[in-house]
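Convention: sequence-line order gives letters A, B, ...; per-chain numbering from 1. Here the structure is a predicted model, which is why all the values come from computation and not from measurement.
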Amino acid sequence: MSGVLVVTEVVDGRLDESVRELVTAAVAVGGPVTLGVAAADVDAVLADTAIAGVDEVVTVRLAAGGFDHELQRHAVRAMIEQVTPDVVVLGYTIRAAAYAAALAEELGLGFASDVVGLSRDAGELVAIKPVYGGKVYAELGFASDAAVLVTLRPGVWEQAEVAGAPAAVREVALGGSAVSRVRHVEYLAPAGGVDLKRADVIFSVGRGVGAKENIEKFAEIANKLGAGLGASRPLVDSGWLPAAHQVGQTGVSVKPKLYVAFGISGALQHLAGMSGSKKIIAINTDKDAPIFNVADVGAVADILEVADELKALI
Amino acid sequence: MKIVVCVKQVVEVPSYVEFGAGGADVDPAFTSRELNDADTYAVEEALRIRDEVGGEVVVVTAGDEGAVEALRRCVAMGADRAVRVWSDGLSVHDPIAVARSLAAAIRDEAADLVFCGVQSSDAAQQSTGPALASALGVPSVSVATKVDVVSGGSGLTVRREFEGGLAEVVELDGPAVITVQTGLNTPRYGSFKEMMKAKKAQIPVVDPGDAGASRVKVRRMFVPASSGGRDIEMIDGGPAQIAARIVQLVREVG
Ligand SMILES: Cc1cc2nc3c(=O)[nH]c(=O)nc-3n(C[C@H](O)[C@H](O)[C@H](O)COP(=O)(O)OP(=O)(O)OC[C@H]3O[C@@H](n4cnc5c(N)ncnc54)[C@H](O)[C@@H]3O)c2cc1C
């Protein structure tokens, strides 16, 4: 039992974009690095597995395309049984989270998710993960008598270099008992509406607005300044704004020239949709809100007071 | 239909904290606790289905004595019964141990359907639901934004969400574990009268035994470097100065 198995998903015929970050983290942990991919058309993604630091590639051929977390779990279990790694790393994506903990439970592995730091301390694997809304980090240690499975937060590690050629490929068979209990019916496209992706400037409001009535103020200011209006998920959940305004992992991903976050705490799932913005301004009453970790310009203030001043100015 | 909903009394921390438990957790004197937001949607969804097709809603938590407040709030919302699972060795920071402990209590319930919130706000692992499904030997679907009970309760049609707002409709047979995403309904509050009644609800405690044994331990907790070590321009002055700087930066974009 040694080495690191990196498992990535195939999304729209490509490896998930976090794969090269996972490899960087795996190389730092030490030991041989195996990259595992399960898909219907594995051959189509083999070229993408040419990543510096990867010693071997294991593949599992699935009967059907699309994403089935049950089949994916069976496939990764087969990889683990073949490779016998002592550390398994996955990306902290919605797809991986759908089966990662189930696999850890099934195989009796150590487990942590949304990990932002991974190292060894005198042989023991040490993982760091944000807790309590990201204001505190927990340093976790694991019992050494079983492998450890962790899911890593995207965007934390550097991307490993692309290598000239893929590593040697080993195909792992999936037993006939590996069936899915979940049946695909159909995919539904995201909600259309406002096109935030085109905006150069986005003003986004979060739960800090406090009440539905207050959103109008921000909409008016954004409109006058030619900015698009974005929002964090809770505002959409409450029915205060239509879904097309939602920025983040399950909303739109935006990269405007300027993104202004009003009363948004900076949860991972929000950052996933806006941290690539060229310049970020964050206004929050909590000086320790994680949004300040990605902001270029910040202010500790009540957004409603700032909104009144903005209205007066323009 | 018998529906079990797993809920958590989450810990909220303010801006300034100190650590207790030998550095392994935030000193409870600095924290407040409340029912996890996503769980309120899970409870509401269970109540909605019960009210439509009949049956019973049982809420379960794995947590210490303080966690009983979360259960009482769910009872005030309309849950029929509540069960608390706890053993002193159980680490709430290990979703696998928590899931196995929940399973120890839920197995006896022979539920047709189990709901969890998509994630707890304090640990944010999205893991208890899938791990619980594995411990119970049933399938799971995560991040559900719509749940329909079909074929008289034995079938489920679920819409789940992926990155970028892509959704997928899937079907499965119960029993199953579904993790419920925020926003799929409007959670009710209990009336004052229901809250008073919930205060008196009898809530049994189940000892999960070995199921609560943990493979992960918290070595320490710490406050990360603010602004992640990056340079950040903090705007001095009051709201007027902040507004002026925002307008200036917007105009620079052109
Ligand atoms: C699978 C999944 C997908 C998700 N997808 C998304 C997504 O696409 N987009 C998304 O945004 N979220 C998403 N979320 C939810 C996400 O985890 C957070 O819950 C959400 O982003 C929090 O929104 P918020 O920052 O507005 O609210 P909170 O976290 O409640 O933060 C509110 C902030 O406002 C500040 N504040 C309060 N009052 C004031 C005031 N008067 N002035 C200034 N500041 C104030 C507070 O200090 C706090 O920092 C997803 C979650 C899951 C599990």
Heavy-atom distances under 4.5 Å only: say whether [X] touches chain A with side chain, backbone, both or neither.
X: B:V143; result: side chain
X: B:A244; result: both
X: B:V10; result: neither
X: B:A135; result: both
X: B:S134; result: both
X: B:Q119; result: side chain
X: B:P139; result: both
X: B:A133; result: neither
X: B:D236; result: neither
X: B:E171; result: both

More than 12 heavy atoms from other groups under 6.0 Å of CZ on B:F222:
yes
Within 6.0 Å of CD in B:E233, more than 12 heavy atoms from elsewhere:
yes
As an exercise: rank [options] by heavy-atom pairs under 4.5 Å with chain B and give me the winner.
options: A:V126, A:V136, A:V131; answer: A:V136
options: A:E70, A:R73, A:Q269, A:K129; answer: A:K129
options: A:I280, A:D114, A:I281; answer: A:I281
options: A:A282, A:G108, A:G66; answer: A:G108
options: A:L225, A:D200, A:D296; answer: A:D296
options: A:R233, A:K257, A:K279; answer: A:R233

Please name the pair of heavy atoms, one in [X] and one in [Y], separated by the smallest distance, quoted to 0.1 Å.
X: B:A124; Y: A:Y92; result: O-OH, 3.1 Å
X: A:D237; Y: B:Y41; result: CB-OH, 4.1 Å
X: B:P130; Y: A:A101; result: CB-CB, 4.4 Å
X: A:R207; Y: B:D37; result: NH2-OD2, 3.2 Å
X: A:A104; Y: B:I96; result: CB-CD1, 3.8 Å
X: A:P190; Y: B:L166; result: CG-N, 4.2 Å

Kindly determine whether B:R219 and A:D121 satisfy side-chain contact (heavy atoms from CB on, under 4.5 Å), including the steps that lead there.
CA-CA 12 Å; B:R219 290 161 49 119; A:D121 176 17; 2.6 Å; yes
Engaged part of [X] at the chain B interface, taking heavy atoms whose separation is under 4.5 Å:
X: A:L109; answer: backbone
X: A:P256; answer: neither
X: A:A295; answer: both
X: A:F67; answer: both
X: A:I303; answer: neither

Is the closest side-chain heavy-atom distance between [X] and [Y] below 4.5 Å?
X: B:D173; Y: A:R183; answer: yes
X: B:I242; Y: A:E309; answer: no
X: A:F262; Y: B:I246; answer: yes
X: A:Y132; Y: B:T31; answer: no
X: B:E163; Y: A:I94; answer: yes
X: B:S15; Y: A:K287; answer: yes
X: A:V185; Y: B:T157; answer: no

Any donor-acceptor pair under 3.5 Å from A:E139 side chain to B:R220 backbone:
no
Would you compute the distance between atom [atom1] of [X] and atom [atom2] of [Y] and round it to the nearest 0.5 angstrom?
X: B:Q126; Y: A:T93; atom1: CD; atom2: OG1; result: 9.0 Å
X: A:R181; Y: B:L172; atom1: CZ; atom2: CG; result: 9.0 Å
X: A:Y99; Y: B:S127; atom1: OH; atom2: OG; result: 12.0 Å
X: A:D145; Y: B:R215; atom1: CG; atom2: CZ; result: 4.5 Å
X: A:E186; Y: B:E168; atom1: CD; atom2: CD; result: 9.5 Å
X: A:L313; Y: B:Q248; atom1: CG; atom2: CD; result: 11.0 Å

Over-ring placement of A:R95 relative to B:F162, 6.0 Å and 45° cut-offs
yes
Of the listed residues ([options]), which shares the most heavy-atom pairs with chain A below a 4.5 Å separation?
options: B:R160, B:H93, B:E252; value: B:R160
options: B:S142, B:G183, B:A167; value: B:A167
options: B:M234, B:R159, B:R251; value: B:M234
options: B:D122, B:L132, B:T179; value: B:D122

Stepwise side-chain contact (heavy atoms from CB on, under 4.5 Å) check, A:K135 with B:V17
CA-CA 9 Å; A:K135 290 192 189 158; B:V17 295; over 6 Å; no
How far apart are the C-alpha atoms of B:V218 and A:L140, what are their side-chain angles, what is the distance that settles it, and do they pass the side-chain contact (heavy atoms from CB on, under 4.5 Å) test?
CA-CA 5 Å; B:V218 180; A:L140 308 171; 3.8 Å; yes
